[in-house]
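Reviewing the structure listed below.
In what follows, chains are A, B, ... by sequence order, proteins preceding strands, each numbered from 1. In this text the structure is predicted, and so the values were computed from the model without any measurement.
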Amino acid sequence: MKSELQELLARAVTAALPEADTSRAPHVERTRDAAHGDFASNVAMVYAKQAGQPPRQLAQMIIDSLPASDLVEKAEIAGPGFINFFLRRGEMQAVVRQVLEAGADWGRGSQGAGLRVMVEFVSANPTGPLHVGHGRGAAYGDCVSRLLAFTGFDVTREYYINDAGRQMDILALSLWLRYLQACGEQLDFPGNAYQGDYVIEAAATLRAQRGDDLRIAADDVLAAQADAESPDAALDAMIARARDALGADEFLALLDIILTLQIDDIRDDLEQFRVGFDHWFSERGLVTEGAVQHALKGLSEAGHVYEQDGATWFASSRFGDEKDRVLVRASGSHTYFAADIAYHLNKLDRGFERLVDIWGADHHGYVPRVRAAVAALTGADDRLAVQLVQFANLYRGAERLPMSTRAGQYVTLRELRDEVGTDAARYFYVMRSNDQHLDFDLELAKSRSNENPVYYIQYAHARVCSVAQQARDKQWPADPDAADLTRLDTEQEQRLITLISKFPEIVENAALNYAPQTLAHYLRDLADAFHSLYNAHQFIVDDAALRNARLALALAARQTLANGLDLLGVDAPQSM
RNA sequence: GCGCCUGUAGCUCAGUCGGAUAGAGCAACGGCCUUCUAAGCCGUGGGUCACAGGUUCGAAUCCUGUCAGGCGCGCCA
């Protein structure tokens with residue numbers, strides 16, 4: 001509807017101003033005030049200067065040049081030079097039938113044109129359960145993925161598993177030490193190892209399976225770290241002792257045990273949060289397959305790598321980073337950054353034309369260098385989009401809950417789900433812009449009242465279901481074909497219709513801007529419009545043409561609510 | 001010190017590409033259930049869009065500066 005108007009306007013502008021640059025589609029927007037018609041455009045004011053004419057005079061010329069259309073009832077000049085469009089009676093109402101015909105596809109777009117997009121998100125280290133901070137990234141990334149897919153992109157969702165490096169060694173060590181404790185060895189568990197109960201549980205299982213196979217004397221372990229100068233050095237010494245005592249293969253097997261448990265747990269947790277991944281990508285596999293060397297070679301051949309102070313550097317400052325970065329240390333080991341470049345190159349090699357990375361906001365200093373790497377590898381600066389997700393602070397009423405991953409003191413995503421439910425959690429997570437801090441009030445999310453926007457929206461959906469059921473009970477099932485949609489002319493009906501017709505634009509905007517919060521706000525407004533109508537007028541009335549028109553409108557509202565909620569991953573209940 | 005983000009009603013926040021009289025929810029106050037779910041609706045009050053300049057037909061929105069808050073600045077991951 002909007003694009004049709006843009007088409008009409010473009011032709012009118014070309015006719016009125018043959019020499020004007022009309023390469024860009026003219027700006028057309030919804031009016032805020034019904035007195036200004038249905039749509040308005042500012043083209044006359046935009047072109048006034050280059051046309052050398054007052055805006056209102058130019059507006060008249062453009063209106064006079066408008067091609068005939070079934071869509072437009074009239075166009076008039078307003079204010080400083082706006083052109084207000086009043087649509088022909090019935091044009092807006094026609095959207096009701098469009099919605100009912102499209103059903104679950106109502107709002108689906110084709111802007112993505114099948115472009116292959118990878119959305120990588122969560123990617124939390126598998127060293128413990130997901131906490132509420134990860135939950136926000138999960139909800140956000142999932143909504144963005146759903147929106148992109150609905151807008152015509154070919155979306156793949158991936159979870160990058162950081163299963164290589166020192167943190168993994170510490171995780172394996174943590175399991176082994178707990179195992180030794182389970183065997184009855186007396187030793188103090190290090191404060192900088194993984195504290196969580198899940199390690200103790202895994203150790204108990206391991207002990208049950210393997211008996212004393214992996215046991216050595218506690219004194220032996222403690223002796224290994226006796227000379228260590230720092231807690232970190234002590235940990236490294238114990239890791240070395242464990243490798244020595246168990247053998248590298250057995251140590252790795254130990255790691256795989258707890259890693260598999262953790263990943264299974266995370267997958268299960270996310271599935272219950274209605275977040276699914278197409279692929280789980282192992283960092284370890286990347287390293288063993290020589291991907292890091294492949295990436296280094298790629299950067300090197302492009303001429304962006306040099307040696308200095310015994311290390312290998314990437315000239316990221318050429319691509320907007322504030323300084324160059326080390327890829328391979330003087331010690332010969334590659335940096336985390338080098339592995340990350342290899343991972344991004346791997347994504348590109350798999351044929352993804354656009355990459356979307358969703359990271360915690362604490363990584364924002366890392367964005368320029370990864371952006372630089374992708375630019376260096378592709379020669380383009382628009383292949384990678386990085387979206388940061390700010391942390392969520394949890395409140396219970398006015399009390400702020402403390403969070404510390406290191407100390408093992410945090411609220412898990414699972415606990416959050418158990419307490420407030422998946423629907424409320426998902427909605428609350430995405431109702432704020434991802435780059436804004438979020439204060440998540442558990443009491444509010446749980447409340448079954450009008451303070452809670454999730455229930456407000458779901459209630460609107462359930463109410464339509466209830467109305468439809470009562471119509472059936474009275475032997476008056478909704479029959480859209482028998483509806484006279486032009487009867488939908490009250491203030492409340494017009495408002496609801498207008499909002500429904502906006503849905504495709506809202507979805508497209510939310511998808512292209514990675515902004516699900518705009519959809520969340522829209523659904524709130526849509527529910528509001530429905531509740532207002534519900535209270536102002538009866539749906540089930542004797543006049544069949546009017547009754548069916550109102551029922552059709554209600555069903556269209558329900559469909560729009562359902563499609564929108566689905567994009568947020570929130571249920572649309574039949575009754576509440 | 002440098003970089004990024006933020007500052008809008010008492011509180012929490014929307015505000016798309018600059019557009020017409022800056023909007024919601026909560027809180028406060030006053031109404032609405034013999035009629036489709038009151039988890040709802042209607043109404044009232046509430047603003048120096050942090051501050052100061054600039055750009056222009058027009059600025060909460062763009063630019064510059066100031067103030068305030070948050071985060072990030074490793075041959076860590």
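- Side-chain N/O atoms of A:Gln390 and A:Gln436 include no donor and acceptor closer than 3.5 Å.
- Using a 4.0 Å heavy-atom criterion, one finds that A:Ala40 contacts the bases of the nucleic acid, with or without backbone contacts as well.
- Taking each heavy atom of A:Ile83 and A:Ala75 in turn, the nearest pair found is CG2-CB, 4.2 Å.
- Heavy atoms of A:Asp309 sit under 4.0 angstrom from at least one base atom.
- Comparing A:Ser466 and A:His521 by the nucleotide of RNA chain B that holds the closest heavy atom to each, the one mapping nearer the 5' end is A:His521.
- The base of B:G72 does not come close enough to the side chain of A:His363 for any donor and acceptor atom to sit less than 3.5 Å apart.
- Residue A:Gln469 is classed as having no contact, given no heavy-atom separation below 4.0 Å to the nucleic acid.
- Among the protein residues, A:Ala462 comes within range of the nucleic acid bases, having at least one heavy atom under 4.0 Å from a base atom.
- In this structure, A:Phe539 places its CZ atom 12 Å from C1' of B:G40, rounding to the nearest Å.
- Side-chain proximity of A:Arg432 to B:C57, B:A77, B:U12: nearest is B:U12.
- Residue contacts shown for A:Asn162 are absent, as no nucleic acid heavy atom lies under 4.0 Å away.
- Phosphate proximity of B:A77 to A:Arg329: present, with a side-chain N or O under 4.0 Å from OP1 or OP2.
- A:Phe337 comes within contact range of no nucleotide atom at all, as no heavy-atom separation falls under 4.0 Å.
- A donor N or O paired with an acceptor N or O is found under 3.5 Å between the base of B:G19 and the side-chain atoms of A:Asn42.
- If you measure from atom NE2 of A:His364 to atom P of B:G3, you get 12 Å, rounded to the nearest angstrom.
- Between A:Glu493 atom CD and B:C41 atom C1' there is a gap of 16 Å when expressed in whole angstrom units.
- If you check every strand for non-hydrogen atoms under 4.0 Å, A:Ala78 touches a base.
- With hydrogens and angles ignored, a donor-acceptor pair closer than 3.5 Å exists between the side chain of A:Asn84 and the base of B:A20.
- Between A:Phe82 and B:A20, a base-stacking contact is recorded: ring centres under 5.5 Å apart, planes less than 30° from parallel.
- Proximity note for A:Thr518 (side chain, C-beta onward) versus B:C57, B:G15, B:C41: the nearest is B:G15.
- Base pairing annotation: B:C75 forms no Watson-Crick or G-U wobble pair, as no partner gives both donor-acceptor distances under 3.5 Å.
- Residue contacts for A:Lys474: at a heavy-atom cut-off of 4.0 Å it reaches no nucleic acid atom on any strand shown.
- Nucleic acid contact class of A:Gln390 (heavy atoms, under 4.0 Å, all strands): none.
- Under the Watson-Crick or G-U wobble criterion, with both distances below 3.5 Å, B:U55 is left unpaired in every strand shown.
- An OP1 or OP2 oxygen of B:A20 is reached within less than 4.0 angstrom by no side-chain nitrogen or oxygen of A:Thr31.
- Summarising the base pairing, B:A22 is matched to no nucleotide, lacking a Watson-Crick or G-U wobble pair whose two defining distances lie under 3.5 Å.
- Comparing A:Gln470 and A:Gln308 by the nucleotide of RNA chain B whose heavy atom lies nearest to each, the residue mapping closer to the 5' end is A:Gln470.
- Within 4.0 Å (heavy atoms only), A:His27 reaches at least one base atom of the nucleic acid.
- Neither OP1 nor OP2 of B:G3 sits under 4.0 Å from any side-chain N or O of A:Tyr366.
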